[in-house]
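Just so it is clear: chains get the letters A, B, ... in the order the sequence lines come, proteins before strands, and each one is counted from 1. Everything numeric here is computed off the predicted structure, so don't read it as measured data.
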Number of protein chains: 2
Amino acid sequence: MDKIKIIIADDHPMMRSGVKSVLLADPQIEIIAEAKDGDEAFNLILKHQPDVALLDVEMPKITGLEVVRRIQSENVKTKVIFLTMYKAEDMFNEAMDSGAYGYVLKENAVEDVLESVKSVHQGKYYISPLISDYLVKRINTQNDLKSKTPSINDLTQTERKVLKLISLDKTTQQIADELFISYKTVENHRNNISKKLNLSGTHSLVKFAIKNREKL
Amino acid sequence: MDKIKIIIADDHPMMRSGVKSVLLADPQIEIIAEAKDGDEAFNLILKHQPDVALLDVEMPKITGLEVVRRIQSENVKTKVIFLTMYKAEDMFNEAMDSGAYGYVLKENAVEDVLESVKSVHQGKYYISPLISDYLVKRINTQNDLKSKTPSINDLTQTERKVLKLISLDKTTQQIADELFISYKTVENHRNNISKKLNLSGTHSLVKFAIKNREKL
DNA sequence: AGGGGGCTGAGTGTTTCCACCTATATAAAA
DNA sequence: TTTTATATAGGTGGAAACACTCAGCCCCCT
């Protein structure tokens, strides 16, 4: 049986060392490359077409999520496992929607990583037990099909631009000046954004904007 | 020459593996124990009295900073190096004030960790180059002694309570109701907090509150 | 030709927040 | 004991944000 070819990507060299030392202990696995950011990871995956890619979600240049989306549109058969420290539910959901096969928490035991690689290589999914309840929740929410928690994707181009500027703590007037549009127009955009995202309250828009700044 | 005795502490097993695999490569170093949280780390340091302790700043139960403070009051000669992913300036300052000998970023090369251990063992300090400008800044601000960038510690008990509630996106009226005080009083607190923290602008207080929510 | 969606601008009114200021009571500190 | 810090509460004025409505313009699609 052939070895499982893997590439790993994480912006922390120390973390890469850890993953390497764990995976190398298993003779069934071969690490053929490693990357320090999403850009590098994507290129290496294209070049080597490994069986499995172990990606950190947060990386410089390109996020791990974006890497998955790209390799899918490139029609590469590499299966992706996310290795992250965040239990955040929406991040998990995004990861799963993007088409990942695994979601492993860094706080989990080292054995989990080995397990996940093997499982995913066999075509199975592998989710850290600590967040398996998110999975259940997803299944339930899929049943009442039309709910669809509102997300950034529902926003138009201009609305995103405005939201982006809000996240930078600009006032409505400043945004208006910056985009060469009227104060009132910006207010309307704010209003529409709030409605689309189902937000209310003086600061909820700002909070949301800050929280999702990178995605804009 | 004796080996350098080390204990390492990090809540991510994978990261511990990484550190271990790097340090074990050097015959001069001996890892005598490892911990998964601050509590464990503190006890192991007391018990083994190692030369150097490599601590993560963020750990369950007890933070790394707290561990340093404790071992100092216990009069243990172990020197502490912080290993963290955060470049946050105030965290760095806190770390240095607590009495640490090293501050190494996880994003740095693995060689840095080795270097830091050896340097610190020789009684020297070791700070990641990426944040050395913080050091310079500290020196400068020590000269004009009274400046002291304002921080949460300047706030009174009540002000913290208010700020805590602000971080939860409560409005002034809601905070007033919750604390059984007048609307105007809360407004005064907001005002005082803003002044103490040197903030201005409609949302800066909220932003600050959210950013520092955990510390309240 | 019509409808829908998106961007623009405006009107009107309310709520919330910000920045000062004054003032009293109390407890701690100098 | 006087001073200082803290918590409390009120007043005024203005800035910013929120909510809702209406309307013109453009573009795309059926």
Axis-to-axis angle across the helix from C:dA1-D:dT30 to C:dA30-D:dT1, five pairs an end, to 10 degrees? 30°
Compare side-chain N and O positions of [X] against OP1 and OP2 of [N] and report whether any pair is under 4.0 Å apart.
{"X": "A:T156", "N": "C:dC7", "answer": "yes"}
{"X": "B:H189", "N": "D:dT8", "answer": "yes"}
{"X": "B:T158", "N": "D:dT6", "answer": "no"}
{"X": "A:T185", "N": "C:dA10", "answer": "no"}

Around A:K170, counting heavy atoms of other residues, nucleotides and ligands shown, do more than 12 lie under 6.0 Å from its NZ? no
Separation of A:F180 atom CZ from C:dC7 atom P, in whole Å? 18 Å
Atom of [X], atom of [Y] and distance for their closest heavy-atom approach:
{"X": "B:I45", "Y": "B:A53", "value": "CD1-CB, 3.8 Å"}
{"X": "B:Y125", "Y": "B:A100", "value": "CE2-O, 3.5 Å"}
{"X": "B:T78", "Y": "B:V52", "value": "CG2-C, 4.0 Å"}

Taking side chain as C-beta onward, heavy atoms only, is B:T156 less than 4.5 Å from B:K196? yes
Where protein sits on nucleotides 17-30 of chain D, one letter per nucleotide: B base, S sugar-phosphate only, - none, heavy atoms under 4.0 Å: BBBBB---------
Kindly say whether A:V113 contributes a backbone atom to a donor-acceptor pair with the side chain of A:S116 at under 3.5 angstrom? yes
Check: A:D56 side chain, A:A9 main-chain N or O, donor-acceptor pair, under 3.5 Å: no
